[in-house]
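Heads up, the thing below is written out as structure tokens.
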Amino acid sequence: MEIKELQDRIRRLLKEKNAIMLAHNYQRAEIQEIADLTGDSYELSVRASKTDADVIVFCGVRFMAESAKILSPGKTVLLPNADAGCPMADMIDAGELERLKSLHPGACVVSYVNTNADVKALSDVCCTSSNAVDIVRAVPADRVIFVPDKNLGSYVRQFVDKEMIVWDGYCPTHHHVYPEEITLLKQKYPGAPFLCHPECRPEVVGLADRVTSTSGIIRFAREDPHTEFIIGTEEGILYQLRRNSPEKRFILASHGFVCPNMKRTRLEDVAAALEEGRYEIKLSPTTIEKARVPLERMIDMGIAAGQK
Ligand code: 13P
Ligand code: SF4
């Protein structure tokens, strides 16, 4: 079936089922194009907590759809491709976090939203890449266990005067970008600001002119007067960058800047998800009850765009 035909079918199905389609900024262009809302993890989780729709079709990866379910337990949440996971989220499990907590009693557990629901259930508060610095600053503790991203953790550490115990996880997509690539691009495009996601390794983040979430990067590029930018995050963001700033030029920081999991979801999957009610996110009531606390705490803290 043609792309346009599939897109029209999905839009019809969404209406029929009173469903809302959310898409992360890394999704394929043809998916972002027809979503009701695109955004970063923070924006999508807030929106998921507020929708009136009966069904949420989450085009992203599993932890994002789980967060939507946790925040809207009465709704049906569908992840169109069951294999769309996040390798970084899988780098820590509940048993490992339990052990870490027992080694550091009294420390406040801040978990990046890129965690599985059972890890969230053991956390005090969640954060996203757009609010991590402000959340860690705001928690009422001098010692913080930060999981699972060591790169985001080391970025946050620069701005807070707290002891941070950081887990050794990382995003394979962002971690495999190296400072040499950025230095070469900076020589080739002198004057082009380098906008970087904090999941990149510290040597790469250290070269950035702006460090922020995916939506933060899109906003910055729109508002900044420069006409060329080096983009330090997954290639799916180019769709929104070009849509928001059609007159500007965006140079991807690395050729391999692709998250295979974010690319698993295709239009066919979204149509099948709506037609067959698949793949429904199911979590135990206890997990939902416990994981809701840190997610709601993050949203209640109301800090969305605090990256420095
Ligand atoms: P955002 O917080 O910008 O949505 O990024 C999420 C993510 O998975 C980055 O790899
Ligand atoms: Fe996970 Fe990295 Fe993909 Fe984001 S880009 S979903 S952190 S693997």
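Atoms within a ligand are numbered from 1 in the order they appear, just like the ligands themselves. Remember, predicted model here, so these are calculated numbers, not experimental data.
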- Query: So is Ser130 polar-close to ligand 1, meaning N/O to N/O under 3.5 Å?
  - Reply: no
- Task: Ignoring angles and geometry beyond distance, decide whether Ser213 reaches within less than 3.5 Å of ligand 1 through its nitrogen or oxygen atoms.
- Result: no
- Would you mind listing which atoms of ligand 1 come within a distance below 4.0 Å of any non-hydrogen atom of His174? 10 (O)
- Query: Is Thr128 in polar range of ligand 1, meaning some N or O pair under 3.5 Å apart?
  - Reply: no
- Message: Checking side-chain contact (heavy atoms from CB on, under 4.5 Å) between Pro193 and each of Lys186, Arg210, His226, which is the one that passes?
- Response: His226
- Looking just at side-chain N and O atoms, do Glu30 and Gln7 make a donor-acceptor pair shorter than 3.5 Å? no
- Item | Residue Ser129 vicinity, atoms of ligand 1 by number, heavy atom under 4.0 Å | 1 (P), 2 (O), 3 (O)
- Query: Short list, please: which atoms of ligand 1 are under 4.0 Å from a heavy atom of Thr214?
  - Reply: 1 (P), 3 (O), 4 (O)
- Query: Can you tell which of Lys15, Arg47, Arg11 makes a salt bridge (Lys or Arg N to Asp or Glu O under 4.0 Å) with Asp36?
  - Reply: Arg11
- Query: Linking I/L/V/M/F/W/Y whenever their side-chain heavy atoms sit closer than 4.5 Å, directly or via other members, would Leu252 and Val177 fall into one cluster?
  - Reply: yes
- 4.0 Å heavy-atom contact, Met88 with ligand 1: no
- Message: One thing to verify: whether Arg278 and Glu280 come together as a salt bridge, which I'm taking to mean a side-chain N less than 4.0 angstrom from a carboxylate O.
- Response: no
- N/O separation below 3.5 Å, Ser215 to ligand 1: no
- Which ligand 1 atoms does Asp40 reach within 4.0 Å, using its non-hydrogen atoms? 1 (P), 3 (O), 4 (O)
- Query: Met164 and Val147: same hydrophobic cluster, using ILVMFWY side-chain contacts below 4.5 Å?
  - Reply: no
- Query: For ligand 1, is there an atom lying under 4.0 Å from some heavy atom of Tyr42?
  - Reply: no
- Note on the structure: Nearest heavy atom to atom 5 (O) of ligand 1, choosing from His197, Met262, Glu199, Glu234, belongs to His197
- His197 and Thr214: side-chain donor and acceptor closer than 3.5 Å? no
- Query: So which protein N/O/S atoms does atom 2 (Fe) of ligand 2 have within less than 2.8 Å?
  - Reply: Cys171 SG
- Task: Under 4.0 Å, heavy atoms only, figure out whether ligand 1 is touched by the backbone of His24, its side chain, both or neither.
- Result: side chain
- Query: Do any nitrogen or oxygen atoms of Asn114 come within less than 3.5 Å of a nitrogen or oxygen of ligand 1?
  - Reply: yes
- Any donor and acceptor pair, going by atom type alone, linking the side chain of Asn116 with main-chain N or O of Asp118 inside 3.5 Å? no
- Item | Which residue and heavy atom of the protein sit nearest atom 6 (C) of ligand 1, plus the separation | Ser41 OG, 3.3 Å
- After noting the C-alpha distance and the side-chain angles of Asn151 and His175, does the key distance pass the side-chain hydrogen bond (donor to acceptor under 3.5 Å, both in side chains) rule? CA-CA 8 Å; Asn151 291 338; His175 197 60; 3.0 Å; yes
- Hphob cluster co-occupancy, Val61 + Ile20, side-chain heavy atoms under 4.5 angstrom: yes
- With the threshold set at 4.0 Å, does a side-chain nitrogen-carboxylate oxygen contact exist between Lys4 and Glu2? no
- Glu43 and Ser215: side chain donor to acceptor below 3.5 Å: yes
- Query: Are Phe257 and His176 near enough that their ring centres are under 6.0 Å apart?
  - Reply: no
- Touching ligand 1 at all, Glu43? Heavy atoms, strictly under 4.0 Å? no
